[in-house]
Every structure is written in structure tokens, then in C-alpha cells.
Amino acid sequence: MSENHNEVEQVQEENRLIAERRAKLSAIREKRNAFPNHFRREDYAQRLQDELGAKDKEELEALGRQASIAGRIMAKRGPFMVLQDMTGRIQVYVDKKQFPQELADEIKTWDIGDIISATGPVHKSGKGDLYVNMTETSLLTKSLRPLPDKFHGLTDQEIRYRQRYVDLIMNESSRRTFAIRSKMISSIRNFLQQKDFVEVETPMMQVIPGGASARPFVTHHNALSMDMYLRIAPELYLKRLVVGGIERVFEINRNFRNEGLSTRHNPEFTMIEFYQAYADYKDMMDLTEAMLRNTAQEVLGTTVINYQGSEYDFGKPFTRLSVFDSVLQYNPEITAEQLSDMAQATAIAVKLGVKVKDTWGLGKIQIEIFEETVEHKLDQPTFITEYPTEVSPLARRSDGNPFVTDRFEFFVGGRELANGFSELNDPEDQAERFMAQVAEKDGGDDEAMHYDADYIAALEYGLPPTAGEGIGIDRLVMLFTDSPSIRDVLLFPHMRPE
RNA sequence: GGGCCGUUAGCUCAGUGGUAGAGCAGUUGGCUUUUAACCAAUUGGUCGAUGGUUCGAAUCCAUCACGGCCCA
């Protein structure tokens, strides 16, 4: 197997520091099982700090609170060692006189990074820090690789991403980011479940990749002898479920798009998509506003979000503005008449440097002008509405103006965070839109959509009037954790092999 | 894909053409209620890779790899 061959060739680097620790491990192996798994802790570092941190030295001695903890040695200072567990840090005190000679000698060989147990009463030092005065201790796991500098930590971005386990050991801010990520997803999930939304899982491997305009990854099914695609969106499956009667449905999971990497793009990323029958895009905007406000309050304890030096207030009502009006507002020199005229709008787009194609209609031209001149300026939370039908192949046409759809995108800090619309539930209109997409695909646009006959069949059974939305979870987490790069909010971001 | 910047000890970083350095970590010894613990001694380097210029290259030049930032 070629894969195995490669694995064998990936020899980890060794150095003298590791050799010294291997020697210590060998010495332990000669005495006992070097990787015991019998110790059970009863306490956690931060909970002890919370429970006992406010008590003074004398109170603690009188209390005689016994604690039993486990964790990684993060620092050694004099007779103290700092242990870190999943909740935080606490010191332990090593009084060698309390231990048999053999154990006292072994403790001297313990290194920063080793994982130990510690049991004993909790006391407080003269400087006011809690410590566990160890009466029993044992090495649970020997660490063979030295940790980064205890003071500077690990700052090398590349190693932080490639060896996230080291980053998590060393960087409290990184642990915090992923804790917030987890809480945000829980909060969003709870919010929707309380509103009777049902969580589902739909296929990641699809025969016809649909629901978005993007290039898919291709994989191969051996038994069926056919190519399949990693999904670019779950949308068409979720709407099939609404046809089936799951009138409020959502999925939080990965999408895959075969695109470049940037501080805002990873080939696999997490989206939440939700669909609600008997609702329209305005209901979705209301829901989004309530949900994000709730999530900010629950997770961060405030609705004011600080991101890269800017402040975004999720407590105030979000601005709502149409694509058309936003272009006029941000470009005082452009008139409504020009923007409505194919020739004049095209001239504006060309002047902006857009490489206009013959196949484009006015809607596509308007969106290009919007993206060039408005998008990045949408700083405070803003819904942009009424996207042209031409660029919205799955969205319902507006009743008053079939040139545009009942659709919105949501922007914060100049970045798109969400996309939602009243769903196109007219099967004949949808079939025509698919045909238009296929024509564009034939014309060379490899991001255009496929014709999905089964999806049309589902619509022909009847999709109730429905609205739906997708929110990019990673970008939302970036915002909530003040992270400049999407890689900071992905535990294992995509990296080129070394 | 383009531009700029980076890659030196396990980690964080100095080092602009003339014997590769510091702090932390490690090792040995001391001290033992410390807070980046402290004191003394000490080990540790294909300077990202390849090629070139030069008497001499971590340093100058070229190409490549990986990463960061900005742009597409």
C-alpha cells in the first residue's frame, strides 16, 4: 500500500532533549508500568480556585480540604510545580520529606510537560496563591517532547496550525476560541430547537452537487464504479425534507468547496442551514437578528462585539437595504436610471475593472457593481435585500418585481456572514432556472449549477411556501472571538503538506 | 496567480561579508513557600533547500519549498 509506505517515511525528528526523556522513561519502565491508568481525580484546578481562592491561609488550614487532581506540569519554581488541566491551573507543593526516598528522587526527574496526579490538602502560600500540598503523587504519562518556552509560549503561526495540540497546551487564547465556538453552536442549536426546528443530517457525498454556485471536490465510489461529489451545500436535501413534512429543519455541518485558501476561506467549512415553512425572507431576517443577538448575549454576555479594533452592536436593529438602493447610496455619482440601463450599467462595471462577459444580464452587472463598491463598506450588521433573479437561481421572485428575488445577504465588517431567501417552490420556474444554469455551465462557467431532476420531482409534489437561510459558522466564530483568520477558528485548518 | 515580508538551538529571538550568539528549556551542583523562582557551572546548530558570486557567505545573487500579510 502506497499510503503505508508514506507513513513509514514520515520519521519524526529526534534530538538530545527527547533522548534524555526517553532515558528517563526507560528507567521508569524498569520499575513499573510506565503508563498507568488507575488514578481517578475528584477535583479540577479552576473549580478549586473558585471554591477556595477567596479564603485566607488560616481558614484553609482549619478547613483541611483534601483535593485530588491531575494535569500537565507547566512550570517548576522552587518546590512548586504548576499543573494545568482542562479547567485551568493550580500549584502543587513538593515537600520531599513527605515522600519515600525513591519517589523523592523520581520527582526530580519529572519534566515540564509530564502528566501527574496530586493528592493532598489545599493551602495558600504567603503570596496568596492556592496550592495542593501533595501527600501522594505519581507520574501518569511521561512527555517525551519538550514544550515551547514557558514565557513566550508558541507564537509560530505555522506550528500553531499544524500541531494544534501544542497550541492548545500552550495558548489560553486558543483554548478560549474553541470553547466559544462550542458554546456558540450549542446556543444556536438550542435557539432553533426551542422554536421546533428538527436537526437532521443529509448526504455529504452527492451524485449531483447542488445548492450553491461553487466547484466541488470529486471522489470515487469503487463498488458503484462512479464519481461522486463532496457537497457544496445541503440546501436541496433540506428542502426535500420540507416537502416530506419536516416543516422546520436545520443542519449544522461541513461543506466542501474546491477553491483557494485565504484568511476567510478553507476548503471545508461549517454552515448552518435552516428552513421554515409558511415563512418568508423577512421572517428569516427577524429570526437571524433575534438568534445572533441571543447567541452574543449567551456566549459573550454582551451584544457589543469587538473585532479587530472595531465595535459591532448586535443589540441595535440591523440595517435593511436593497442591492439597488445600496449601490446608489454608496455611489452618489450613479443614478437609478443608469443602474437600470444595460448599456450604461455595463459601462460603469467596465470602468470599475470588471471583466464583463457577453452572457451576463443586467442583474449580474448590478451585482458586480455592488460587490466592487458596496460590499466591503457594509460595516455594522446589515441585511442587503432584493438580489437579482439572474444570480439567485433557487430564490423566489418578488411579487412586485420579478427582476429581483425575495432574498437577502447579511454583512458585518464588510464580510458576508449569511444568505437567505424565500424559497422558489414553483417547480416549472425552478426547472427553467436550472436550464439557464446548465446553459451557463455549457458556456464555460464551471461554478454554474447542475439540473437536478429529482429535486424538481420533489417540488412537483409540493413544497409549501418556505424560507431558508445559511450562516457561515466559521466566519461568525471569527467575529465573536476577534480572530483575524479562519484558520484561528478551525482546530485543524487545511495546510499544504510539509 | 501577483506583490511584500519571514524561515538561525526544543521554544522566543539577536546576528549586513571575516571563529554562529542570548534568554528560557535541558544537564550537573546548590537553595527550598516559589510567582517568567533564584545562584554557579555546562551541553546543544546540515543558519529552510539547491545552485552561484567571493580568498571567505547565516549575511550578496538566483531558483525552489513552506508560512504570514495584502491583492486577484
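Letters A, B, ... mirror the listed sequences (proteins, then strands); counts begin at 1. Heavy-atom basis, side chains included; hydrogens, waters and symmetry copies ignored.
The side chain of A/K127 contributes an N or O atom lying less than 4.0 Å from OP1 or OP2 of B/U35. Contact check, A/R89 against B/U35: no side-chain N or O comes under 4.0 Å of OP1 or OP2. Using a 4.0 Å cut-off, no side-chain N or O of A/R16 falls inside it from OP1 or OP2 of B/G45. Residue A/S125 places none of its side-chain N or O atoms closer than 4.0 Å to OP1 or OP2 of B/U34. At the phosphate of B/C66, OP1 or OP2 sits under 4.0 Å from a side-chain N or O atom of A/R496. Between A/K24 and B/U27 there is a side-chain N or O to OP1 or OP2 distance below 4.0 Å. At least one side-chain nitrogen or oxygen of A/R77 sits closer than 4.0 Å to the OP1 or OP2 atom of B/A37.
Distance A/E158 CD to B/A65 C1': 10 Å, rounded to the nearest Å. If you take CD of A/Q91 and P of B/A36, they are 10 Å apart, rounded to a whole angstrom. A/D156 has its CG atom 10 Å from the C1' atom of B/G6, to the nearest Å. Separating the CD1 atom of A/I112 from the P atom of B/A36 is a distance of 14 Å, rounded to the nearest angstrom.
A/F421 and A/Y387 have their aromatic ring centers separated by at least 6.0 angstrom.
At a cut-off of 3.5 angstrom, the base of B/U33 holds at least one donor-acceptor pair with the side chain of A/Y131.
RNA chain B is contacted by both A/R264 and A/Y161; A/Y161 maps to the nucleotide lying nearer its 5′ end (nearest heavy atom per residue).
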